[in-house]
Amino acid sequence: MQSKLFIANWKMQKTFAESIDFCSSNLSALKKLSAQTDTEIVLCPSFPVIYSLNEQLADTMVHVGAQNCSPYISGAYTGQVSAQSLKEIGCNYCIVGHSEQRKYENVTDKDVAMAAKNLCDQEIEPIICIGETEEQFQKNEAINALESQLDFVLSALKNTKQPITIAYEPVWAIGTGVVPESAYLKKIFQHLSAIFSNVHSGPWRLIYGGSVSEKTMSSFKDIPSLAGFLVGSASLDFPKFEKIVLLGK
Ligand code: 13P
């Protein structure tokens, strides 16, 4: 049985001290939760926390991931962080193309594809976020939007044998408490699965993000190919995150 992936995206919601405190206060529970063979747990704090968190969690099976990576390998790119640096500080996963990066930092589909390729070259699993906007959803243009976000990614990664994860995060579901209807999710996941089965040669999995909470977990039953969750605000509180893992595994 394939394990389910639960990724906590802490965004810029926890300081260094708060992130360390989250893990020290819940260390034994995190150890127990991550020891289960049917779950894979990844915490994605802000960049400055990654190294320390990895040391703190060394005795657990919890992985530490980053929230972004530069599309460039190295050079004069003030403020950016390379895939190689992430590897050196013990990152095994990295979110790329989150809609907040696309919106506030003007990250393009091409940047996302280049960053994902750099991560694969460093044997870091990219968590590639895609999702339609509210307007695209209303106009029934989700599939076109997702396909166009994936164009560069599919060609940049066509020869990689590294595992990749695609996180479907409809922009209109992020932070709103609203999740897509089951029939809609099934249609999207079927479509994405067909694309990756036909086109991508390496291992891949599909996860969902957007208002995942202990209250919405029942909406995600029986979605084919759903291999896990990317959790925002509900991952900031350990008991809520733990509940999500127990309900979703
Ligand atoms: P919420 O779970 O707060 O809606 O955030 C989702 C998200 O953006 C995860 O990457």
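Numbering of ligands and ligand atoms starts at 1, following listing order.
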Task: Heavy-atom donor-acceptor pair, Gln13 side chain to Ser233 backbone, under 3.5 Å - done: no

Open item on the list: Looking at Thr165 and Ile127, would you say the former's side chain and the latter's main chain have a donor-acceptor pair under 3.5 Å?
Closed with: no

TODO: May I ask you to say whether Asp109 pairs ionically with Arg102, meaning some side-chain N is under 4.0 Å from a carboxylate O?
DONE: yes

Number the atoms of ligand 1 from 1 as they appear, then name those within less than 4.0 Å of a heavy atom of [X], with their elements.
X      : answer
Gly175 : 1 (P), 4 (O)
His98  : 7 (C), 8 (O), 9 (C), 10 (O)
Gly232 : 1 (P), 2 (O), 3 (O), 5 (O), 6 (C), 9 (C)
Ser233 : 1 (P), 2 (O), 3 (O)
Leu230 : 9 (C), 10 (O)

TODO: For side-chain hydrogen bond (donor to acceptor under 3.5 Å, both in side chains), just list the numbers for Ser201 and Lys161, CA-CA rounded to whole Å, side-chain angles, deciding distance to a tenth of an Å, and then say yes or no.
DONE: CA-CA 7 Å; Ser201 55; Lys161 294 285 177 272; 3.2 Å; yes

Do [X] and [Y] get their side chains close enough for a donor-acceptor pair, meaning under 3.5 Å?
X      : Y      : value
Glu132 : Trp172 : yes
Ser148 : Asp151 : no
Ser99  : Glu169 : no

TODO: Among all protein heavy atoms, pick out the one at the shortest distance from atom 7 (C) of ligand 1; state its residue, atom name and that distance to 0.1 Å.
DONE: Glu169 OE2, 3.1 Å

Open item on the list: Heavy atom to atom 8 (O) of ligand 1, shortest distance: which of Gln67, Lys11, Glu100 holds it?
Closed with: Lys11

TODO: Would you mind telling me if ligand 1 is within reach of the side chain of Asn9, the backbone, both or neither, using heavy atoms under 4.0 Å?
DONE: side chain

Task: Residue-ligand contact Ala234/ligand 1, heavy atom below 4.0 Å - done: no

